[in-house]
Amino acid sequence: MKIKSSEFIISAVKQSQYPTDGLPEIALAGRSNVGKSSLINMLVNRKKLARTSSAPGKTQTINFYKINNEFHLVDLPGYGFAKVSKKNKEEWGRIIEEYLTSRENLIEVLQLVDIRHKPTQQDKQMYNWIKYFGYKGIVVATKLDKLKRSQRQKNINTIRKELEMNQDDILVPISSMNREGKEVLWEAICKVFIEKGLNITIEEAAEI
Ligand code: GTP
Ligand code: MG
């Protein structure tokens, strides 16, 4: 994917604040600290477009980013952060549910899980939710650089099994640190655009 432009549009906590330009959206869901914001930055070759933090719970709103003036990447608030209050957890549920159930231009959801760990109960719930709402649910296994090469297949198998993924469900291992997996994920996203009949420019940037 050739990135010509990427810009932050808005932070939203309710429907009335979502962008109204009608562009198709790809959202990123996952546990707090799994690497959603880092992945957005890596995908669009920017260091600080999406705010990242080593302290979990950084992104607590839905953040919309416009890419190439053609589509949005949507950073959803992370779940599973133990230190947030019950009230905040309920608020998180409301924000996500409202978005997933109402957003007509949402075409796909990327479910991020940490490649080092077994998916949590909430990861499973989220994945089931995504499927329930009719999305493929592309699973992105993050922080690949932190795992020994010899452990990769074993951990991928565990994630597939725990999430009860089918053979044709997609799992992309990725590192936002060293960019491994980037082109594979863009290809999976571009495939979604094509399947939806969207005319989105997907020419490759020349690799040097
Ligand atoms: P919330 O906003 O709290 O939901 O978190 P998030 O999912 O957006 O995570 P974020 O991108 O802020 O990353 C959390 C931490 O993980 C940061 O310290 C990142 O530098 C680190 N991180 C993210 N992706 C990777 C990766 O691929 N490899 C390594 N080594 N670290 C990563
Ligand atoms: Mg974040």
Side-chain angles (χ1 to χ4, degrees), residues 6-13 17 25-67 72-85 87-100 108-127 129-130 137-152 155-156 159 163 171-186 188-189:
S6 54
E7 56 183 309
F8 169 71
I9 303 295
I10 196 168
S11 269
V13 292
Q17 298 166 325
E25 283 172 354
I26 307 278
L28 290 83
R31 196 171 55 74
S32 183
N33 215 40
V34 70
K36 298 176 294 299
S37 303
S38 304
L39 181 61
I40 291 181
N41 288 335
M42 189 273 266
L43 285 174
V44 302
N45 312 316
R46 294 271 299 265
K47 283 205 174 83
K48 289 181 182 167
L49 180 67
R51 291 268 216 78
T52 64
S53 168
S54 51
K58 183 74 194 169
T59 317
Q60 297 192 342
T61 52
I62 304 183
N63 291 323
F64 293 84
Y65 299 92
K66 182 151 71 173
I67 314 302
H72 294 149
L73 288 177
V74 182
D75 197 359
L76 296 175
Y79 51 78
F81 177 39
K83 281 188 188 153
V84 302
S85 65
K87 192 162 171 286
N88 271 349
K89 282 182 191 159
E90 282 167 10
E91 180 65 1
W92 173 86
R94 186 196 62 74
I95 290 174
I96 300 262
E97 187 168 358
E98 184 170 72
Y99 176 75
L100 288 181
E108 193 49 76
V109 185
L110 311 181
Q111 163 78 40
L112 276 65
V113 294
D114 189 320
I115 195 156
R116 296 169 299 171
H117 309 302
K118 226 173 158 172
T120 65
Q121 205 53 40
Q122 276 174 307
D123 288 332
K124 293 182 197 178
Q125 246 171 40
M126 189 72 217
Y127 187 64
W129 225 7
I130 293 168
I138 297 174
V139 175
V140 180
T142 64
K143 309 197 183 183
L144 183 58
D145 57 281
K146 291 198 176 195
L147 192 69
K148 278 192 202 146
R149 210 164 258 275
S150 58
Q151 294 287 312
R152 285 185 179 187
N155 288 29
I156 289 169
I159 293 167
L163 294 180
L171 184 153
V172 182
I174 214 157
S175 165
S176 296
M177 189 97 123
N178 66 20
R179 307 175 162 257
E180 187 173 358
K182 180 182 172 187
E183 291 310 324
V184 179
L185 181 56
W186 269 131
I189 294 171

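Side chains included, hydrogens not; waters and symmetry mates left out as well; all remaining heavy atoms used. In listed order, ligands and their atoms are each counted from 1. Predicted model only: the values in this text are computed from it and were never measured.
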Check ligand 1 against [X] and write out every atom of the ligand that is under 4.0 Å from a heavy-atom position of the residue.
{"X": "Gly78", "answer": "4 (O)"}
{"X": "Ser38", "answer": "10 (P), 11 (O), 13 (O), 19 (C), 23 (C), 24 (N)"}
{"X": "Ser176", "answer": "24 (N), 26 (C), 27 (O)"}

Stepwise, does the side-chain contact (heavy atoms from CB on, under 4.5 Å) test hold for Glu108 with Ile138?
-> CA-CA 8 Å; Glu108 193 49 76; Ile138 297 174; 4.1 Å; yes

Using a 3.5 Å distance criterion without hydrogens, assess whether the side chain of Asp114 forms a donor-acceptor pair with backbone atoms of Val34.
no

Q) Backbone N or O of Lys146 within a donor-acceptor pair of the Arg116 side chain at under 3.5 Å? A) no

Less than 3.5 Å between some nitrogen or oxygen of [X] and one of ligand 1, yes or no?
{"X": "Leu39", "value": "no"}
{"X": "Thr142", "value": "no"}
{"X": "Lys143", "value": "yes"}
{"X": "Arg51", "value": "no"}

Using only heavy-atom distances, determine whether the side chains of Asn63 and Lys36 contain a donor-acceptor pair under 3.5 Å. no

Worksheet item: Would you say Ser175 touches ligand 1, if touching means a heavy atom closer than 4.0 Å?
Response: yes

Task: the Mg ion (ligand 2) contact by Asn63, N, O or S atom under 2.8 Å - done: no

Once you measure the plane-to-plane angle for Trp129 and Trp92, does it fall in the parallel (<30°), tilted (30-60°) or perpendicular (>60°) bin?
tilted

Original post:
Taking 4.0 angstrom as the limit, do Arg94 and Glu98 come out as a salt bridge?
Top reply: yes

TODO: Using the side chain to side chain donor-acceptor pair (under 3.5 Å) rule, take Thr120 and Asp123 through it: C-alpha gap first, then chi angles, then the decisive distance, then the call.
DONE: CA-CA 5 Å; Thr120 65; Asp123 288 332; 3.2 Å; yes

Counting heavy atoms under 4.0 Å, the part of Asp145 that contacts ligand 1 is side chain

